Amino acid sequence: MEAKRQFTEPFAHSPAHEALLRAGSRIRPLQQAHAHIVVSGSHRSRALLTKLLTLACKAGSIGYAHRLLYSVRNPDAFLFNSLVKASSSSGFAIDTVVFYLRMLQSRVSPSSYTFTSVIKACADLSSLRLGKCVHSHALVSGHGSDRFVEAALVNFYAKSGDLGVARKVFDEMSERTVVAWNSMISAYEQNGCAREAIEVFCRMRERGVRPDSTTFVSVLSACSQLGALGLGCWVHDYIVGNGLDLTVVLGTSLINMYARCGNVSKAREVFDSMSERNVVTWTAVISAYGMHGYGSQAMELFHRMKAHGSCPNNVTFVAVLSACAHSGLVHEGRGEYASMSQEYGLVPGVEHHVCMVDMLGRAGLLDEAYKFTKELDRGEQAPAVWTAMLGACKMHKNFDLGVEVAEHLLAAEPNNPSHYVMLSNIYALAGRMDRVEMVRNKMIRRRLKKQVGYSTIEVDQETHLFSMGDQSHIETDKIYQYLDELMRRCKEAGYVPTPDSVLHELEEEEREYALRYHSEKLAVTFGLLKTCHGTTIRIVKNLRICEDCHLAMKYISSVANREIVVRDRLRFHHFKDGHCSCLDYW
DNA sequence: ATAGGGTTAG
């Protein structure tokens, strides 16, 4: 403390100090200020050194910060805490841990502030081992039940993939701040557990904790995952009703929610009403149009985005290329792919390659798609790219190429059941039933199971789940009865069930059920029974919609005179008056 | 004269 006073006074408003303040977080001026400090003999001032160190971190010169730290004799708690905080919030997670270890070595006691930053760094690293170690340090040193440390821990365990422990820390908190609730909700949401996220949100409301915009961002993401339009709309009403600021982040979440819950025009409305937009916002609205098959609107917005001076990035190009792929805009897609690197200096990644192969493949340009894939570097020929190629082969019934690609994929990923399913479908299409059998036996030997398909539908804010041939619903009898009637009426209108290859993946006893009772058919029937005329039926499916269901939906939309919106794994289908928005191009 | 927290969007 003596030392502090001694060095504090003489250097106030010294030229060195002023140089430092002027420099801010720019590295060149910082180094000049450093020289100033050394020359003027003020390098013994703790305050100046500490400031210099934190600014070096913020300027991104972490190596410089390390060298500076080396030059300091007996760094104090103030200096270590500043370094730990600055490095952690500037994204230098490993360095934060290094600084923390040096702090321990120097026998300087960490505080609750130290732990929040170090735990945040562990979360960034997703290192369960490291974080657990820091967690125990925090417990031993008596900072384990600080509310900031606890919220950081919830986040850390969630990001490291241990939701159970995240929940345990959360449950054992004595005082849960809104940030703690937000951490837990986002923990579930980010790990794909949207139901649990919403459940925690409900507990939060029961406890009378007032949600803030961060809460809603996570809840809206959960709604997007589930296709829970009802809850999403409730959130939107709440935001408006309570006069919450429609920030860029919140607005972008709303756009995404409406788009992924099937309502593009509401997504557009939100976009139009936003006062501030950034590249993420633009990307969200482009992707909204793209996934609904409105390629030209997506492209129009993309051009508007560029005219507005917003610079597209890698994610934007995924949205743009995928919009082209889903609408058959091959010429535009080729052009944007080229401009991506030529005009924007961006490096196309696996996702962009997938879009290109998908786009060319869907359009029937199988040779070009194949050439595109083959011309990628070996290391860039990711299984996802070949999978897109395989899908194209199946779509255009190219047996020889399909078999070749499938064999290649099976060699690369022998434990991925979807490759086997695809290969067996291709054999089935070619009538090679012996091969179908062989592929299926291979799957059985490897104990691989086809992913189970299911569909959900929301009625009165409640979600109902159906799987194929499902009879677990309370109103099962009514549903099956009505479905049979619907199918009869569809057939009268000209519907002929597709002798689909999917049949061949199934066990004998499942076959009779399969086509007729696919989950989306059950869900749509339930929707027709439970909602009044004029209400759009919205279904969310976890896999791709099959050819027969696609055809049946068209007929159902016509005979029941209803709009039906189906979200499958990749995109939306809007069925109306016997037609689908995808123009059978999916 | 030096720091001061955890949660959020495509």
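Proteins come first, then strands; the chains are lettered A, B, ... in the order of their sequence lines, and each starts at number 1. In this text the structure is predicted, and so the values were computed from the model without any measurement.
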In whole angstrom, give the distance that lies between atom [atom1] of [X] and atom [atom2] of [N].
X	N	atom1	atom2	value
A:M204	B:dT7	CE	C1'	10 Å
A:M184	B:dT8	CE	P	12 Å
A:H143	B:dG4	NE2	P	18 Å
A:L83	B:dA3	CG	C1'	11 Å
A:K85	B:dG5	NZ	P	6 Å
A:N278	B:dT8	CG	P	17 Å
A:L153	B:dT7	CG	C1'	14 Å
A:M257	B:dG10	CE	P	13 Å

How would you list, by chain and number, every residue that makes a side-chain contact (heavy atoms from CB on, under 4.5 Å) with [X], sequence neighbours excluded?
X	value
A:C582	A:H550, A:R571, A:H573, A:C580, A:W586
A:R260	A:S224, A:N256, A:M291, A:R567
A:T456	A:Y454, A:T463, A:L465, A:V540
A:S253	A:V217, A:L220

Pairs meeting criterion side chain to side chain donor-acceptor pair (under 3.5 Å) with involvement of residues 228-246 of chain A, two or more places apart: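 Qualifying pairs: A:H236-A:Y258.
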Side chain to side chain donor-acceptor pair (under 3.5 Å) partners of residues 338-351 of chain A, not counting sequence neighbours, each pair once: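 Counting only pairs at least two positions apart or across chains, the side chain to side chain donor-acceptor pair (under 3.5 Å) contacts touching residues 338-351 of chain A are A:E336-A:S339.
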Candidates [options] - which lies nearest the side chain of [X]:
X	options	answer
A:A152	B:dG6, B:dG10, B:dG5	B:dG6
A:A47	B:dG10, B:dT7, B:dT2	B:dT2
A:T214	B:dG5, B:dT8, B:dA3	B:dT8
A:K51	B:dA3, B:dG4, B:dT7	B:dA3
A:T116	B:dA3, B:dG10, B:dG6	B:dG6
A:F78	B:dA3, B:dG5, B:dA9	B:dA3

Classify the nucleic acid contact of [X] as base, sugar-phosphate or nothing, counting any heavy atom under 4.0 Å across all strands shown.
X	value
A:V318	nothing
A:T54	sugar-phosphate
A:T247	nothing
A:N81	base
A:E189	nothing

Donor-acceptor pair under 3.5 Å: do we get one between [X]'s side chain and the base of [N]?
X	N	answer
A:N313	B:dG10	yes
A:S89	B:dG5	no
A:T50	B:dT2	yes

Sub-4.0 Å heavy-atom contacts from residues 94-108 of chain A onto DNA chain B, ordered by number: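 The stretch gives none, as no residue of it lies under 4.0 Å from the strand.
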Of residues 170-179 of chain A, the positions that come close to DNA chain B - non-hydrogen atoms, cut-off under 4.0 Å: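 Heavy-atom cutoff 4.0 Å gives A:T177, A:V179.
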With a cut-off of less than 4.0 Å, is there a side-chain N or O of [X] near OP1 or OP2 of [N]?
X	N	result
A:S213	B:dT8	no
A:K159	B:dT8	yes
A:N155	B:dG6	no
A:Q225	B:dA9	no

Residues in side chain to side chain donor-acceptor pair (under 3.5 Å) contact with A:E276, at least two apart in sequence or another chain: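 Not a single residue meets the side chain to side chain donor-acceptor pair (under 3.5 Å) criterion with A:E276.
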Aromatic ring pairing A:F170/A:W181, orientation class (parallel under 30°, perpendicular over 60°, tilted between):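 Aromatic pair A:F170/A:W181 classed perpendicular.
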Parallel, tilted or perpendicular, as decided by the 30° and 60° cut-offs, for the rings of A:Y294 and A:H574: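 Answer is tilted, since the angle falls between 30° and 60°.
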Pi stacking test for A:F148 and B:dG5: under 5.5 Å apart, planes under 30°: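 A:F148 vs B:dG5: stacking yes.
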Stepwise side-chain contact (heavy atoms from CB on, under 4.5 Å) check, A:N263 with A:S265: CA-CA 6 Å; A:N263 197 334; A:S265 50; 3.2 Å; yes
A:R28 side chain to A:Q31 side chain, donor-acceptor N/O pair below 3.5 angstrom: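 Yes, a side-chain donor-acceptor pair sits under 3.5 Å.
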